Amino acid sequence: MDDAERETAFVEKHRIQTLWIEDSNYPHRLKQCEDAPVLLYYKGAADISPQRCVSIVGTRNATSYGKRLCEELISSLQEYDIQIVSGLAYGIDVQAHRLALRHRIPTIGVLGHGLDRMYPSAHRDVASRMLENGGLLTEYPSETIPDRNNFPARNRIIAGLADVTIVIEAAKKGGALITAEIANSYNRDVCAYPGGIDQEYSAGCNYLIKTHRAHLIRHADDLVYLMGWERPKPKQEGSQLRLLTDSLGKDEQQVCNFLLEREQAGVDEIALHFGWPTSKLAMILLEMEMNGLLLSLPGKVYKMLGSP
């Protein structure tokens, strides 16, 4: 009881939210996981059940290659109204948090200790800024030290909070591969960037891809395509789309006009409408998709990017 009273006083003094698993504001993605923590401690301004959430993990020894990939990914995701989750560790983790802050993307750090301390201490400034556009989350009460056994356990929270876990750089062993394995066990998507066959910190990513534990991605567009996210409509998008389609060939123009009149259409419906063999239509649709005009939906259904 004394411990409970001290913890209650600490939570109230520092305005920390306690989230019980039965609470309506408990992260809904995490609640779906069998081993979700019964109680979470959260401090921050961000919604912990956002519309889209991406976990980014990787080696503590990030190379210039990994840092560049992280920068390209996060800067490209700025317009997709997402949240970025990581573990505030050295390397890729803190790089993801810093870049999210730079691009004004909400970012959550999942800790392996209580909210009365920061480990590593070098990331105290980043953590402080995250409270303004993001937050800090842990399952551990105050006075819990950053014991090494806590970090593999906290990785399940990183995986459970997100729609997709992205491994940017990882060696053959380490926390990033543990997080990816947990995400797979939750039936969540996992993506990894490939690297050179002789690069130590790409070996883990290459292994995930080789063993079909992760989708290969090269940039944000691959992630967006995999997740079926639509690019938010910029102003004047309709007129820009018309200008782009006006430069297409006759067949492509016909398909564009057909799809612009409908919300979406299947391959068989399009082929029947024009009386084309499916082999011809498949080539047209592939070309249009590669040019960024079409979005491919499950069931061989297509819609124009930018259409309602």
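As the structure is a prediction and not an experimental result, all values here were calculated from the model.
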Side chain to side chain donor-acceptor pair (under 3.5 Å): pairs with one or both residues in residues 33-49, sequence neighbours excluded: D35-Y186

Sequence neighbours excluded, every pair satisfying salt bridge (Lys or Arg N to Asp or Glu O under 4.0 Å) that has a member inside residues 118-128: D125-R129

Nearest-0.5 Å distance that lies between atom CG in L19 and atom OG in S24: 9.5 Å

Separation between CG of N155 and CD of E181, rounded to the nearest 0.5 Å: 12.0 Å

Rounded distance (nearest 0.5 Å) linking atom CG of L161 with atom CG of L137: 6.0 Å

Pairwise ring pair (Phe, Tyr, Trp, His ring centres under 6.0 Å) hits with a residue in residues 5-30, at least two apart: F10-H14

Plane angle bin for F151 and Y119 - parallel if under 30°, tilted between 30 and 60°, otherwise perpendicular: tilted

Salt bridge flag under 4.0 Å for residues E269 and K300: no

Greater than 12 external heavy atoms within 6.0 Å of K210's NZ: no

Test: R60 and D93 ion pair at under 4.0 Å: no

side-chain hydrogen bond (donor to acceptor under 3.5 Å, both in side chains) partner of D163, chosen from R52, R29, Q51: R29

Ring geometry between H123 and Y90 (parallel below 30°, tilted from 30 to 60°, perpendicular above 60°): perpendicular

Pair S142-D116, side-chain donor/acceptor within less than 3.5 Å: no

